[in-house]
Asker: 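Just passing along the structure, written as structure tokens.
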Amino acid sequence: NDVILIDPIKGVLVRMFSGSGGHLSFVNQVGFSADDKMLLSCSAAPSGAIYGWDLESEAKDRIFEHVSKGTDYAAFEHDFRRNLCCAIARPQGSLRMIGHLNNTV
């Protein structure tokens with residue numbers, strides 16, 4: 001249930017996103033913004049969450065959060081210019097558009 005960020009060149013742990021700051025279910029996908037300033041991840045049911053963390057801040061603060069209990073998010077794509085996330089939910093394959101204010105469009 002943890003997302004672990006490792007520096008591949010130095011071979012050291014950069015940050016572990018877990019517990020109250022991370023997912024409570026299996027993580028299905030992890031992605032980076034084009035500028036590598038944000039890490040995003042989505043998880044399976046029952047927690048059904050999509051989180052984004054600011055990799056530039058010292059604390060690696062969570063700056064994006066969408067939780068839909070019981071939803072199994074299989075995959076997502078994030079449009080950083082529009083601050084919009086498009087996610088696929090299983091098993092029905094429904095498509096959800098999610099804005100940064102935690103609302104479903």
Side-chain angles (χ1 to χ4, degrees):
N1 302 352
D2 300 333
V3 175
I4 300 170
L5 184 60
I6 296 174
D7 181 327
I9 295 172
K10 297 178 183 175
V12 297
L13 176 70
V14 174
R15 176 78 177 187
M16 183 182 301
F17 303 91
S18 62
S20 62
H23 292 282
L24 302 176
S25 302
F26 293 108
V27 175
N28 287 328
Q29 182 183 353
V30 174
F32 290 91
S33 62
D35 59 6
D36 291 332
K37 293 181 179 180
M38 187 169 162
L39 171 73
L40 289 120
S41 57
C42 70
S43 67
S47 69
I50 301 172
Y51 295 138
W53 290 278
D54 179 5
L55 297 178
E56 297 231 298
S57 70
E58 184 69 31
K60 308 297 185 249
D61 299 317
R62 187 164 45 198
I63 56 175
F64 178 83
E65 177 177 336
H66 172 78
V67 178
S68 180
K69 299 274 186 202
T71 302
D72 187 356
Y73 286 114
F76 67 89
E77 185 61 41
H78 193 279
D79 184 336
F80 293 94
R81 289 172 295 197
R82 294 186 181 135
N83 288 327
L84 196 62
C85 185
C86 176
I88 305 277
R90 290 189 281 213
Q92 68 278 27
S94 62
L95 183 66
R96 294 187 181 179
M97 300 299 288
I98 304 158
H100 266 236
L101 296 177
N102 205 16
N103 56 343
T104 304
V105 179

Asker: Testing the basics here: between Asn28 and Ala74, what is the closest heavy-atom pair and its distance to 0.1 Å?
Answerer: CB-O, 3.7 Å

Asker: Could you tell me whether the side chain of Val30 reaches within less than 4.5 Å of the side chain of Leu40, counting heavy atoms only?
Answerer: no

Asker: Determine the sole option in Phe32, Tyr51, Phe64 for which the side-chain contact (heavy atoms from CB on, under 4.5 Å) test with Leu39 is passed.
Answerer: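 Exactly one pass, corresponding to Phe32.
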
Asker: Under the criterion side chain to side chain contact (heavy atoms under 4.5 Å, CB included), I'd like the reasoning laid out for Tyr73 against His66: C-alpha separation, chi angles, the key distance, then a yes or no.
Answerer: CA-CA 11 Å; Tyr73 286 114; His66 172 78; 2.9 Å; yes

Asker: What distance separates Cys42 SG from Gln29 CD, expressed to the nearest 0.5 Å?
Answerer: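 Taking SG in Cys42 and CD in Gln29, the distance rounds to 5.0 Å.
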
Asker: Can you name the residues that form a side-chain contact (heavy atoms from CB on, under 4.5 Å) with Ser33, not counting sequence neighbours?
Answerer: Asp35, Lys37, Met38, Phe80

Asker: So, taking the atom named CG in Asp61 and the one named CD in Glu56, what distance separates them when rounded to the nearest 0.5 Å?
Answerer: 12.0 Å

Asker: Give the minimum heavy-atom separation between Ser47 and Val67, together with the two atoms involved.
Answerer: O-CG1, 3.5 Å

Asker: Mind listing the closest non-hydrogen atom pair of His78 and Cys85 along with its distance?
Answerer: CD2-CB, 3.9 Å

Asker: Can you check whether Leu5 reaches Leu55 side chain to side chain, under 4.5 Å on heavy atoms?
Answerer: yes

Asker: What I'd like to find out is whether the side chain of Leu95 reaches to under 4.5 Å of the side chain of Cys86, using heavy atoms alone.
Answerer: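 Yes; the side chains approach each other to less than 4.5 Å.
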
Asker: Using the rule given for side chain to side chain contact (heavy atoms under 4.5 Å, CB included), can you reason through Val12 versus Ile6, listing the C-alpha separation, both sets of side-chain angles and the distance that settles it, and then say yes or no?
Answerer: CA-CA 6 Å; Val12 297; Ile6 296 174; over 6 Å; no

Asker: Can you find a side-chain donor-acceptor pair between Ser25 and Ser43 that sits under 3.5 Å?
Answerer: no

Asker: Search all heavy atoms of Arg15 against all heavy atoms of Ala59 and return the closest pair with its distance.
Answerer: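 Arg15 and Ala59 have their closest heavy atoms at NH2-O, 3.3 Å.
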
Asker: Could you measure the distance from the CD atom of Gln92 to the OG1 atom of Thr71? Nearest 0.5 Å is fine.
Answerer: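 Those atoms lie 8.0 Å apart.
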
Asker: Nearest heavy-atom pair of Phe76 and Gly31: which atoms, and what distance?
Answerer: CZ-N, 4.0 Å

